[in-house]
Amino acid sequence: MVDGAVSVSNYLTVSAVADYLNVSKMTVYRLVHSGEMPAARFGRSVRIDEADMEEYRQRAAVVIHPES
């Protein structure tokens, strides 16, 4: 990384995030627009940091406890 430069190696496309979370691309765009999932613009592309996606996935996870 050069002084002040941002590494894009950890940034994912909207399509990749949608595939990983098993949702539509429109759902990812809605999450970004609502502020629930941080994103960055690189030109006209929207990219999501892998760590931010994982943090969202953990917050959004639903734990189901089987009844005993």
- To the nearest 0.5 Å, what is the distance between CE (Met37) and CG (Asp52)? 8.5 Å
- Task: Under the side chain to side chain contact (heavy atoms under 4.5 Å, CB included) rule, collect the residues that match up with Thr27, sequence neighbours excluded.
- Result: Val23, Ser24, Arg30, Leu31
- Message: Restricting to side chain to side chain contact (heavy atoms under 4.5 Å, CB included), what partner residues turn up for Glu55, sequence neighbours left out?
- Response: Arg59
- So do Val17 and Arg47 actually touch side chain to side chain, heavy atoms under 4.5 Å? no
- Message: Checking Ala16 now: which residues fulfil side chain to side chain contact (heavy atoms under 4.5 Å, CB included) with it, not counting sequence neighbours?
- Response: Leu12, Thr13
- Message: To the nearest 0.5 Å, what is the distance between CD on Gln58 and CE on Met53?
- Response: 10.0 Å
- Query: Under the side-chain contact (heavy atoms from CB on, under 4.5 Å) criterion, do Tyr11 and Glu50 qualify, and how do the steps go?
  - Reply: CA-CA 6 Å; Tyr11 283 85; Glu50 191 171 2; over 6 Å; no
- Message: Testing the basics here: between Val46 and Ala39, what is the closest heavy-atom pair and its distance to 0.1 Å?
- Response: CG1-CB, 3.8 Å
- Message: Apply side-chain contact (heavy atoms from CB on, under 4.5 Å) to residues Val14 and Tyr29 and explain how you reach the verdict.
- Response: CA-CA 7 Å; Val14 168; Tyr29 282 116; 3.7 Å; yes
- Item | Residues which pass side-chain hydrogen bond (donor to acceptor under 3.5 Å, both in side chains) with Ser34, listed by chain and number, not counting sequence neighbours | Glu36
